[in-house]
Amino acid sequence: MYRTHTCGELSKESVGSVVTLAGWVNKRRKFGNLVFVDLRDRYGVTQVVFNPEKTTEFELAEKLKYEYVISVTGTIVARDEKNINTEIGTGEIELLASEIKILSEADTLPFEIFDSGKGEEDEELRLKYRFLELRRERLKENILFRAKMIGYIRNFMESRNFVDIATPILTVSSPEGARDFLVPSRLHKGKFYALPQAPQQYKQLLMVAGFDRYYQVAPCMRDEDPRADRSPGEFYQLDCETSFMTQDEFFTLMEPLFVELTENVAGKKVKSKPFPRIPFREVMETYGSDRPDLRYELKIREVTEWAKTTSFEVFTKADHVRLLAIPGGAEFTRAEIDNEYTDAAKRSHAKGLAWMKYDGTKFDGGISKFFTEEQLQELVQSQKIEAGSIVFFVADAWEVSCKALGAVRDMAGKKLQLADPDEIAWAWVVDFPFYEWNEDQKKIDFAHNPFSMPQGGMEALLNQDPLTIKAFQYDIIANGLELSSGAVRNKDAALMYKAFEIAGYGPEVVDKKFGHMIKAFSFGAPPHCGFAPGIERLVMLLRGEDNIRAVVPFPKNQKAEEPMVGSPSEVEDIQLKELGIKVDLSKK
RNA sequence: GGGCUGGUAGUUCAACUGGUUAGAGCACUGCCCUGUCACGGCAGAAGUUGCGGGUUCGAGUCCCGUCCAGCCCGCCA
């Protein structure tokens, strides 16, 4: 028998019993005639003591090195009062060893498992030895949390009559959306399957089929470049869809899941219940982002009217002038303002970032000299500027004036540590625009999913300025992350043809691309809506991680490679031949 | 595809304006140690400073090129 107990479960109650533990040598402390080993497994750490008077295998114990795998039999003894270790769960006892088996030796490690809290090793190295990094506490806990969370989600979904249905992995390529991963077909040379970017069409077909409530922890594959919060290549979604529910009913159905995950699984606080439902336009104008961190206030305000009364040309000529006053920001240095905040604003396409500081009686620095005393006092009164604030301005088109200050808001929130790490501020963003103006092609485009239901239906499509039509399209956001988009779907053929017509697509295009969907909808389709929160983002959010690779067991690097197994790789010529594929690596 | 930051021992970092033999912690090797828990002590081994070229009496440090990594933009609901 390799073990009778795990390294995390023994306590004072077990004193006197003979047990066998197995695990890895986490730490080892040698004295001449006494060896201590911290034995680690998935469940915890137990101290093992080797005393030459109690074991005939002391020489073996002296050979133990980091990460050897051993099995030790001995007696559980209580530690003396002064030797109790309160840092570990099993700190009141130790295993006095009599017998030891070395199950596996370990080479010198590329990095230490026991985390001494210094800097992090190069990520390339950690990915190459991911199986070692996964032994570390933080990563191990993230992976265990992920499993626990998915288990909780399944229970929640099942208890509400959702049915777990698997949809195809080998499916069909579609030109819109993200770039597809392709899989060549052997039986149909020259043809390709595509890996699903999301099971969007299948889940709608399941609604037509009458399954009523569907869910799946679904793998999604997209061949796009990664970001810190975006996995290269593949990720998972809690994909779900419901029939016969309005948008508000759907929110009410799903909200408890996020509350419970926050409170029961992660042990954190939910900032506001029920979750705020903020229209897109309002969230943009107030926070400068469609996924703001709502744990802190810092609201952007429009001051275009005030700006017109000044003689500062940058302001009087602009379509929109907005400001963001940051209490405490008067402390910002010139270098911070110029390099960090201005840079953030410019990345959001602002031409510049104007600022001035307010000490409670007067404004100083930046653009303050362009305004009269009366104009400044009016600003203090109307915007309730607090003493010690810095006031940032962006004068530009609507979107830029919002987004640039949103980027400034993000940076201030991070630098001033305005967010409580133990709090999750959930919210629904609703009323996304159905269409948007494509400046490059000078035409109207779908803003998001063309299958969303336009608010106002056919009436709106026929009579309203398309750019003012809203969709039953929503996001669930938290702490600056977008967890998911979702929508009430458009299941009406006439509505769909009209919606596409406005975006410049004739019925033949719709039929070619989506004929199978329209056909399905023509045989009795229930009204339906859903969403698909990202699993990795949920874990990141609930664990407070800011890199997606910290919550994925075997992630790909920035170039979408997996250094450990060496994917992607070349394949045998015979494999290519079977597929009728020739590789041409010449440029262009 | 573009921008920013970085690349020094197995690893994490240091080396002031160019200046002796490139240092330290952890890991590794050997020895000492019976109550440690980031144990301690003594000794030791460990480096093509990413790579190539240049400037210089002298380059880890300056210049040019190149490769690699992370983050950001593009892209991605």
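Lettering of chains follows the sequences in order, A, B, ..., and the numbering in each one begins at 1. Keep in mind that this is a model prediction, so the values were computed, not measured.
Put simply, A:F36 rests on the base of B:U36: the two rings are less than 5.5 Å apart at their centres and nearly parallel, under 30°.
Contact annotation: A:R28 does not reach the phosphate of B:A38 (side-chain N/O to OP1 or OP2, under 4.0 Å). The shortest distance between the side-chain N/O atoms of A:K559 and the OP1/OP2 oxygens of B:A69 is below 4.0 Å. Contact annotation: A:R227 side-chain N/O to B:C73 OP1/OP2 distance is under 4.0 Å. A close approach under 4.0 Å does not occur between any side-chain nitrogen or oxygen of A:K30 and OP1 or OP2 of B:C32. Contact annotation: A:K65 does not reach the phosphate of B:A27 (side-chain N/O to OP1 or OP2, under 4.0 Å). For B:C32, the OP1/OP2 oxygens have no side-chain nitrogen or oxygen of A:N33 closer than 4.0 Å. Listed pair A:Q197 / B:C76 fails the phosphate criterion, with no side-chain N or O lying under 4.0 Å from OP1 or OP2. OP1 and OP2 of B:U36 both lie 4.0 Å or more from every side-chain N or O belonging to A:R29.
Electrostatic pairing of A:K414 and A:D410 does not count as a salt bridge here, judged by no charged N lying under 4.0 Å from a carboxylate O. Residues A:E105 and A:K63 are not paired through a salt bridge, judged by the lack of any N-O separation under 4.0 Å between the basic side chain and the carboxylate. With salt bridges taken as basic N to acidic carboxylate O contacts below 4.0 Å, none links A:R79 and A:E92.
Atom name C1', nucleotides B:G35 and B:C39: the rounded distance is 10 Å, in whole Å. B:A9 and B:A45: their C1' atoms are spaced 11 Å apart (whole Å). Nucleotides B:U66 and B:G2 have their P atoms positioned 11 Å apart, rounded to a whole Å. When the C1' atom is used for both B:U29 and B:U34, the distance is 24 Å, rounded to whole Å. B:A38 and B:G74 have their P atoms separated by 47 Å, with the value rounded to a whole Å. Across B:G50 and B:U8, the matching C1' atoms stand 10 Å from one another, rounded to whole Å.
Partner assigned to B:C4 is B:G70, using Watson-Crick or G-U wobble distances below 3.5 angstrom.
Across all their heavy atoms, A:L109 and A:E67 have their closest contact at CD1-CG, 3.5 Å. Heavy atoms only, all atoms of each residue included: A:A218 and A:D239 are closest at CB-CB, 4.2 Å.
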